[in-house]
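One structure is given below, encoded as structure tokens.
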Amino acid sequence: MKILAFETSCDDTAVALVENGHNILANITASQTEIHQKYGGVVPEIAARNHINIIIQLIDEAIKKSNYHLKDIDAFAATAFHGLSGSLLIGMMTAKTLSYIYSKPFIGINHIEAHIYANFIENKNLPIPHICLTVSGGHTILVVFKGHNNYQVIGQTVDDAAGEAFDKLSQYLQLGYPGGPIIDKLAKNGNPEKYKLPRPMIKKNNFLFSFSGLKTATLNLIKNLKHNNENYKIEDIAASFQKAVVDTLVTKTIKAAKKYNIKTITLSGGVAANSMLREEFQKECIKNNINFFYPQIKYCTDNAVMVGTLAYYKLKNGYTSKLDTNVIANTLL
Ligand code: KG4
Ligand code: ZN
């Protein structure tokens, strides 16, 4: 079963050809980061137009690399739910058009669900049930994965997503976009204990997250340091901020695993690439006798392989989408 998968929910144009959910025949991502960097964030109209410019070229490259022909493809899948509407439309309409021409199924994919499935790409035997924390630029969501197509959302952010907080801090400090990898790198040379920043909602007896207050507290800290002419290292601020995010995410996720008596935690989404987050989870999971899995960095950030893997499981369970499926910009699972 060969699935040609598309992911264009934001500013990356990604095409992958995935066989039986796990065998990656082609995986290509064209990044628009340089284009959007000068605006300090993604400009939706520009992102959508750039998907159009490159998507056909990426299909040609993927197909050539795999040594197959489009007529050999068994199904076409694309992210259709959650993301920038204009961007989603390009990938989804491309997949639907190919599905129509070749009379093969089309599968519309939920972006958050695809991130969750990034953990299955290289691990067919991922334990079920497990708890998955998905952290990216658009979402922070905690899910009990009970089985394929059987999830329980137990927590999410009440304001900013974790990645959004990284991006906004970086933008404020004029360090560049996306902020996560930049803060991550700076934090390696900083002292995470230097500044005491809030751990939002860490003590609350629920699985909700909030990052807006932490972002404001960090910006106020910088303003005060400047106002008082105090010497400070940007690395210490990056490390202290990152530690506050990591502590909150790790503590609440471990608490959830204990409450639901689940022995496996998985991590997904762009922020799952964060080095301190991966290390702290590893440490705490060992301490608490919990299995811990996370995808390779290239499968944490937006990619089309995760779309192809999820589409395979959907198709296997008899699920396809109609050709009049429309995009939905804002939805959970
Ligand atoms: O999953 P993703 O590629 O796109 C969305 O679905 O949003 O995630 C992008 C987010 C951005 O906010 C970016 O700053 C963050 O992931 N990110 C990181 C790291 N790499 C990417 N955040 C923290 N540390 C990183 N190393
Ligand atoms: Zn994403």
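Whatever order the structure lists ligands and atoms in, that order sets their numbers, starting from 1. Throughout, residue positions are numbered sequentially from 1 according to the sequence presented. What you see below is based on every heavy atom in this structure, not just the backbone, and it leaves out hydrogens, waters and symmetry mates.
- Heavy atoms of Asp184 found under 4.0 angstrom from ligand 1 belong exclusively to the side chain.
- Protein heavy atom at the shortest distance from atom 2 (P) of ligand 1 is Asp302 OD1, 3.4 Å.
- Ring orientation note: the planes of Tyr260 and Phe207 are tilted relative to one another, at an angle of 30° to 60°.
- Using cut-offs of 30° and 60° for the angle between ring planes, the Tyr117 and His148 rings count as tilted.
- Note: His130 and Phe145 have parallel aromatic rings, judged against thresholds of 30 and 60 degrees for the angle between ring planes.
- Heavy atoms of Asp167 found under 4.0 angstrom from ligand 1 belong exclusively to the side chain.
- By the 30° and 60° cut-offs, the orientation of the rings of Tyr294 relative to Phe292 is tilted.
- In this model, no donor atom of one side chain and acceptor atom of the other lie less than 3.5 Å apart for Lys263 and Asn291.
- The protein atom (non-hydrogen) at minimum distance from atom 8 (O) of ligand 1 is Gly270 CA, 3.3 Å.
- Considering Leu197, Asp160, Thr248 as possible partners of Leu214, the one that fulfils the side chain to side chain contact (heavy atoms under 4.5 Å, CB included) test is Leu197.
- For the pair Gly269 and ligand 1, the shortest N or O to N or O distance does not fall below 3.5 Å.
- Taking backbone and side-chain atoms together, His139 has no N/O/S atom less than 2.8 Å away from the Zn ion (ligand 2).
- With hydrogens left out, the protein atom closest to atom 18 (C) of ligand 1 is Gly180 CA, 3.4 Å, a heavy atom.
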